[in-house]
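The structure presented is a predicted model; accordingly, all values stated were derived computationally and were not measured. Both counts, for ligands and for their atoms, begin at 1 and track the order of listing.
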Amino acid sequence: MNETYWKTTASKYPTLTDDIRCSCLVVGGGLCGVLTAYLLGKRGVDTVLIEKEHLGFGKTMGTTAKATVCHNMIYTRLEKSIGMEGARLYAEANLHGLRLLRELLLDDGAASRGDCQRSDFFLYSIYGERRIAAELRCMRECGILCSPINGRESRFELPLRIKSGILVKDQLQFPPLKAIHDIASRSNVGIYEETEAVSAIRSHAGYIVKTKNGQAIQASKVIVATNYPVLVPRNLSFIKLYRETSYAAALTGAPVLRSMYFGIDGGYAYRSHGSALIVSGERHRTSPVPNAADRLLEEAKAMFGEVTPLCSWSNNDCYTHDGIPYIGKTGDGLYIASGFNGWGMTNSASAALILSYLAVGENLPFAGIFSPSRNIIKSGGESLAHHISISAAGMAKNLTVPELTAADIRPGCAGIVSHNGKRTGAYRDNEGKLHLVSLKCPHLGCSIAWNPAAKTWDCPCHGSRFTPDGICISEPSTQNSCVEKTSAE
Ligand code: FES
């Protein structure tokens with residue numbers, strides 16, 4: 001688990017070693033950050049991008065890279081919550097985002113061109129004829145070219161009897177890391193890898209962003225495109241965002257699909273890359289759910305027969321309560337893009353467009369619905385209330401008394417034990433080595449729990465994740481969970 005299919009590309013960019021100045025600093029080298037920097041550079045803005053690891057090493061590396069304007073049942077949801085005009089603006093933003101990706105990645109000069117494909121996208125249901133019909137109507141009213149399909153559609157390649165579906169032609173599939181490196185190489189901005197921003201302090205001329213290695217970057221404007229906007233501590237992201245974990249696997253032995261697929265009944269998605277089938281699904285709120293990764297494989301086997309996993313991984317995406325990403329200004333000269341709700345490719349591209357306009361004082365007609373300061377009580381109140389109740393329950397779990405001791409934990413297993421009189425998380429690896437962590441999440445103190453599928457300690461409150469040794473691998477926590485003790489007991 002946790003070996004992504006997209007092969008990593010060796011670092012190409014230097015690490016920042018000096019203090020620098022720029023007009024616009026982009027923090028985060030995923031698709032959104034790289035596209036934003038590219039667009040700003042094209043507009044002649046003196047831009048620098050910094051990435052704490054390597055380009056694409058965050059959420060982009062875990063994506064299945066299906067770029068489409070069809071985002072599950074978003075248009076019927078938005079029609080209900082913010083009205084058809086709002087849904088239309090969401091569609092317009094994503095249509096622009098998709099166009100941008102096509103222009104860049106299918107361009108004659110694009111190095112990744114051979115690997116990027118225009119591709120049809122199918123949204124389908126085995127049961128929900130009425131829901132599909134409603135989504136189709138909304139999509140059409142939003143100006144999206146799409147058509148209904150039934151179980152006899154010859155282009156539908158999955159061996160399934162479906163009741164109904166929607167076909168959206170001319171979408172895009174691509175290898176995300178290759179695409180990111182391609183776009184970055186064509187940008188005229190300064191790019192620094194292994195350069196982590198740790199604070200952004202307001203100054204007379206904008207912001208001074210400090211890096212972990214001690215450099216200072218003076219920038220008039222700062223765009224935080226880090227999936228979870230950790231650099232913006234006072235914007236209540238932990239309330240406004242929640243995280244969901246999903247699983248993906250690349251498999252051999254399945255037929256090669258020309259199109260991309262998403263089933264609304266089970267939430268499984270399929271696409272091919274070369275001879276590999278990439279399947280994803282089993283999405284759930286971040287907290288341990290037993291056997292989720294196994295179920296994904298079983299689903300693929302039930303569909304395609306004996307397939308062999310090449311690799312599998314999990315992703316931890318940010319979701320918003322109203323289904324609309326937060327993109328825009330969050331302070332004077334400070335901008336964010338977050339909460340792509342599992343549709344990070346086109347949402348990244350529309351975010352890049354919006355941010356590249358906002359940063360030069362211009363606006364796009366569809367930008368308003370993405371405002372990070374919008375009121376979500378009416379459009380996402382139910383989800384928000386659920387989120388708060390889950391957080392409260394996560395805190396209360398700290399009061400439970402462990403019934404196990406470290407000696408009870410068998411190899412490959414984890415549990416909550418009493419250690420030196422404290423509730424402690426214990427995982428024993430297959431070699432018998434015991435890994436002990438504090439169960440109190442360093443973010444706000446909820447009780448973390450073991451996720452056997454990903455072999456991580458996950459926080460159910462706001463979605464932080466930690467390795468068996470307590471190293472933080474997913475925000476909002478920015479600190480490791482205190483390692484109590486590691487021994488060979
Ligand atoms: Fe917020 Fe754990 S308490 S992520």
Side-chain angles (χ1 to χ4, degrees), residues 2 28 52 58-59 62 196-199 224 226-247 283-289 292 314-321 325-326 330 336 338-342 372 376 380 383-400 402 414-417 422-427 435-484:
N2 276 345
K52 75 171 177 179
K59 293 294 159 266
E196 181 174 2
V198 290
S199 66
V224 181
T226 50
N227 180 43
Y228 197 99
V230 277
L231 207 58
V232 190
R234 279 188 290 278
N235 73 346
L236 299 179
S237 294
F238 66 92
I239 293 176
K240 290 158 78 174
L241 290 166
Y242 63 97
R243 282 194 181 271
E244 293 208 348
T245 302
S246 59
Y247 302 83
R283 177 163 73 87
H284 58 81
R285 225 189 124 96
T286 297
S287 68
V289 169
S314 68
N315 232 345
N316 200 21
D317 289 318
C318 286
Y319 284 73
T320 61
H321 298 293
Y326 296 119
T330 187
I336 61 164
S338 185
F340 293 157
N341 299 303
I376 54 163
S383 167
L384 182 61
H386 179 61
H387 179 60
I388 291 169
S389 73
I390 284 182
S391 301
M395 299 277 181
K397 281 217 175 98
N398 283 315
L399 303 173
T400 58
I416 297 174
V417 302
K422 280 192 200 159
R423 285 179 86 249
T424 302
Y427 166 66
H435 305 257
L436 297 171
V437 299
S438 163
L439 284 169
K440 266 202 175 176
C441 176
H443 177 228
L444 291 176
C446 284
S447 183
I448 59 176
W450 181 247
N451 178 347
K455 293 209 173 3
T456 51
W457 291 98
D458 295 354
C459 181
C461 286
H462 316 112
S464 293
R465 297 174 82 191
F466 306 87
T467 66
D469 285 321
I471 310 294
C472 181
I473 51 171
S474 219
E475 301 97 356
S477 176
T478 52
Q479 289 165 29
N480 298 333
S481 176
C482 167
V483 178
E484 298 280 330

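Closest to atom 1 (Fe) of ligand 1 among the N, O or S atoms of H443 is ND1. In H462, the N, O or S atom that comes nearest to atom 1 (Fe) of ligand 1 is ND1.
For the pairing with C441, the side-chain contact (heavy atoms from CB on, under 4.5 Å) check across S464, C472, S481 returns one residue only, S464.
Between R465 and T245, the side chains place no donor N or O within less than 3.5 Å of an acceptor N or O (distance only, hydrogens not considered). One side chain, T456 or D458, offers a donor N or O that lies under 3.5 Å from an acceptor on the other.
Applying the 4.0 Å criterion to heavy atoms of C446 picks out, from ligand 1, the atoms 3 (S). If you number the atoms of ligand 1 from 1 as listed, the ones under 4.0 Å from a heavy atom of C441 come out as 2 (Fe), 3 (S), 4 (S).
In this structure, S477 has no heavy atom closer than 4.0 Å to ligand 1.
H387 and F238 have their aromatic ring centers separated by at least 6.0 angstrom.
Here the heavy atom of the protein found nearest to atom 3 (S) of ligand 1 is L444 N, 3.2 Å. Protein heavy atom at the shortest distance from atom 4 (S) of ligand 1 is S464 OG, 3.2 Å.
With a 4.0 Å heavy-atom cut-off, ligand 1 is reached by the side chain of C459 but not by its N, CA, C or O. In P476, the part holding a heavy atom less than 4.0 Å from any atom of ligand 1 is the side chain.
Of all non-hydrogen atoms in C446 and S391, the two that sit nearest each other are SG-O, 3.7 Å. Nearest heavy atoms, W457 versus T467: CD1-O, 3.6 Å.
Within 6.0 Å of NZ in K440 there are 12 or fewer heavy atoms belonging to other residues, nucleotides or ligands.
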